[in-house]
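Read the structure below first, then the notes.
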Amino acid sequence: MSLEEYPFVVIIQGADTQSTFSRGQSQLITRDEYFDITLLNQNHSKKLAIKRLDNLEDAKTDLAILADMLQVTPTRYNPPISAKTQARKRARR
């Protein structure tokens with residue numbers, strides 16, 4: 001698989017949660033945070049997850065190694081915002 005269309009790499013934080021429901025009430029059981037090292041295309045609309053880690057410091061270390069190996073640029077995740085979303089945000093103001 002060619003990685004030429006993915007010039008950027010980023011850490012994206014997420015969480016997995018599990019909860020139970022009983023008599024219409026929810027109770028949170030577990031919440032596990034994770035950090036995905038992800039390749040991004042030029043405008044950040046396509047993502048390719050490479051590795052999932054539980055620790056931010058480990059993710060930062062692996063990000064630096066991966067960026068050097070693949071000759072990609074570490075960046076901040078900044079996906080495009082659709083015109084519909086922009087209009088909705090303006091309406092809230």
Side-chain angles (χ1 to χ4, degrees):
M1 177 178 180
S2 174
L3 299 177
E4 288 180 14
E5 72 175 288
Y6 298 98
F8 300 109
V9 65
V10 68
I11 296 172
I12 298 177
Q13 182 178 357
D16 287 330
T17 58
Q18 293 181 347
S19 58
T20 59
F21 293 93
S22 176
R23 298 183 187 174
Q25 295 183 358
S26 170
Q27 182 180 10
L28 182 64
I29 300 299
T30 60
R31 184 173 194 274
D32 297 322
E33 288 188 338
Y34 60 84
F35 303 91
D36 283 342
I37 298 175
T38 305
L39 291 173
L40 301 171
N41 69 344
Q42 191 68 35
N43 65 0
H44 299 196
S45 61
K46 288 185 183 178
K47 299 183 288 187
L48 180 62
I50 302 295
K51 189 173 186 179
R52 180 169 286 184
L53 297 151
D54 296 329
N55 183 314
L56 179 58
E57 294 307 315
D58 292 343
K60 287 179 180 179
T61 302
D62 286 3
L63 174 79
I65 293 168
L66 185 66
D68 189 47
M69 258 178 34
L70 297 178
Q71 299 295 310
V72 293
T73 306
T75 190
R76 291 187 74 145
Y77 183 51
N78 188 17
I81 299 174
S82 70
K84 184 177 179 180
T85 300
Q86 287 176 352
R88 189 172 53 237
K89 285 183 176 182
R90 276 190 227 117
R92 289 183 192 162
R93 291 182 192 171

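None of the values given here were measured: they were computed from a predicted structure.
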Any chance you could measure Ile12, atom CD1, to Arg52, atom CZ, to the nearest 0.5 Å? 10.5 Å
Euclidean distance, Asp16 CG relative to Gln18 CD, rounded to 0.5 Å: 8.0 Å
Straight-line distance of Leu53 CG to Lys60 NZ, nearest 0.5 Å: 13.0 Å
Quick one: pull up CZ in Arg88 and CD in Gln86 and give me the separation to the nearest 0.5 Å. 11.0 Å
Under the side chain to side chain contact (heavy atoms under 4.5 Å, CB included) criterion, do Val9 and Leu70 qualify, and how do the steps go? CA-CA 10 Å; Val9 65; Leu70 297 178; over 6 Å; no
In Å and rounded to the nearest 0.5 Å, what is the NE2 to NZ distance from His44 to Lys46? 14.0 Å
Should Phe8 and Ile37 be regarded as members of a common hydrophobic cluster, given that ILVMFWY residues are connected when their side-chain heavy atoms come within less than 4.5 Å of each other, either directly or indirectly? no
Hydrophobic cluster membership, Leu56 vs Tyr34, 4.5 Å side-chain cutoff: no
Can you list every ring-ring contact (aromatic ring centres under 6.0 Å, His included) pair that touches residues 45-83, not counting sequence neighbours? none
Please report the C-alpha distance between Lys47 and Asp36 in whole Å, then the side-chain angles of each, then the deciding distance to 0.1 Å, and finally whether the side chain to side chain contact (heavy atoms under 4.5 Å, CB included) criterion is met. CA-CA 11 Å; Lys47 299 183 288 187; Asp36 283 342; over 6 Å; no
Examine Phe35 and Leu66 and state if one hydrophobic cluster contains both, with Ile, Leu, Val, Met, Phe, Trp and Tyr joined whenever side-chain heavy atoms are less than 4.5 Å apart. yes
Please step through side chain to side chain contact (heavy atoms under 4.5 Å, CB included) for the pair Leu3 and Leu48, ending with a clear verdict. CA-CA 10 Å; Leu3 299 177; Leu48 180 62; 3.8 Å; yes
Which atom names give the shortest non-hydrogen contact between Pro74 and Val72, and what distance separates them? CD-O, 3.6 Å
How far apart are the closest heavy atoms of Val10 and Arg76, and which atoms are they? CG2-C, 4.0 Å
Let me confirm one number: the CG-OH distance from Leu40 to Tyr6, rounded to the nearest 0.5 Å. 9.5 Å
